[in-house]
Amino acid sequence: QVQLVESGGGSVQAGGSLRLSCAASGYMARGYCMGWFRQAPGKKREGVAGMDPDGSTRSADSVKGRFTASKENGKHTLYLQMNSLKPDDTAMYYCAALLGCGGRWEERNFEDFGYWGQGTQVTVSS
């Protein structure tokens with residue numbers, strides 16, 4: 001069983017930064033991908049950054065240049081560095097993993113990700 005634990009959320013003023021962490025435990029079969037998703041009240045869940053099975057990371061166009069995903073070498077830990085935060089970034093942020101990903105993380109629907117963390121709240125005030 002795979003477990004994901006996020007940490008690092010909080011409240012910050014616009015323009016500030018936060019770093020989220022997602023630690024995965026359990027049997028992480030080769031070929032997995034991981035993603036960071038966010039959901040604000042009344043809005044659809046949105047993928048913001050993730051990691052492909054080969055370890056490469058990318059951010060969604062909506063946050064490119066501000067958000068960066070990275071993986072800790074030798075560990076199943078994915079980080080999300082968020083800079084120049086805006087009030088529109090306020091949301092619950094979730095980490096998710098998909099075993100047997102088979103491709104780029106952003107080509108998979110969030111419903112395909114079978115493992116999810118509990119979420120961590122990010123609140124950006126103006």
Listed pairs under 3.5 Å, donor-acceptor, residues 22-40 side chains, sequence neighbours left out:
from: Tyr32; atom 1: OH; to: His76; atom 2: ND1; distance (Å): 2.6
from: Arg38; atom 1: NE; to: Glu46; atom 2: OE1; distance (Å): 2.8
from: Arg38; atom 1: NH1; to: Asp89; atom 2: OD1; distance (Å): 2.8
from: Arg38; atom 1: NH1; to: Tyr93; atom 2: OH; distance (Å): 3.0
from: Arg38; atom 1: NH2; to: Glu46; atom 2: OE1; distance (Å): 3.2
from: Gln39; atom 1: OE1; to: Arg45; atom 2: NE; distance (Å): 3.1
from: Gln39; atom 1: OE1; to: Arg45; atom 2: NH2; distance (Å): 3.0
from: Gln39; atom 1: NE2; to: Lys43; atom 2: O; distance (Å): 3.2

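- Within the 4.5 Å cutoff, no side-chain heavy atoms of Trp105 are placed close to those of Met51.
- Residue Tyr115 is not grouped with residue Leu98 when hydrophobic side chains (ILVMFWY) are merged at heavy-atom distances under 4.5 angstrom, including chains of intermediate members.
- To the nearest 0.5 angstrom, Asp112 atom CG is 12.5 Å from Leu99 atom CG.
- Ser125 meets the side-chain hydrogen bond (donor to acceptor under 3.5 Å, both in side chains) test with no other residue; sequence neighbours excluded.
- A pairwise comparison of heavy atoms in Ser17 and Gln81 identifies CB-NE2, 4.0 Å as the closest pair.
- Relative to the ring axis of Phe113, Arg108 does not place its NZ or CZ within 45° and under 6.0 Å from the centre.
- Considering only heavy atoms from C-beta on, Leu85 comes within 4.5 Å of Phe67 through its side chain.
- Between atom OG of residue Ser126 and atom CD of residue Gln13 there is a gap of 9.0 Å, rounded to the nearest 0.5 Å.
- With a 4.5 Å cut-off on side-chain heavy atoms, Gln118 and Glu6 count as touching.
- Of all the heavy atoms in Leu80 and Ala49, the pair that sits closest is CD1-CB, 3.7 Å.
- Residues meeting the side-chain contact (heavy atoms from CB on, under 4.5 Å) test with Ser7, sequence neighbours left out: Ser21.
- Both Val12 and Leu20 belong to a common hydrophobic cluster when Ile, Leu, Val, Met, Phe, Trp and Tyr are linked at side-chain heavy-atom distances under 4.5 angstrom.
- Identified under the salt bridge (charged side-chain N to carboxylate O under 4.0 Å, His left out) test for residues 115-126, with sequence neighbours left out: none.
- Note on Leu18: it clusters hydrophobically with Val48, by side-chain heavy-atom contacts below 4.5 Å among ILVMFWY residues.
- For the side-chain hydrogen bond (donor to acceptor under 3.5 Å, both in side chains) test, no residue two or more places apart in sequence or in another chain qualifies with Asn73.
- For Lys86, the NZ atom counts as loosely surrounded, since its 6.0 Å shell holds 12 or fewer non-hydrogen atoms of other residues, nucleotides or ligands.
- With sequence neighbours excluded, no residue forms a side-chain hydrogen bond (donor to acceptor under 3.5 Å, both in side chains) with Asn109.
- Using modelled atom types, one side-chain atom of Thr57 and one backbone atom of Ala69 make a donor-acceptor pair closer than 3.5 Å.
- The number of heavy-atom neighbours closer than 6.0 Å to CD of Gln121, taken from other residues, nucleotides and ligands shown, is above 12.
- Residues Val63 and Met82 are not in side-chain contact: their nearest non-hydrogen atoms beyond the backbone lie 4.5 Å or more apart.
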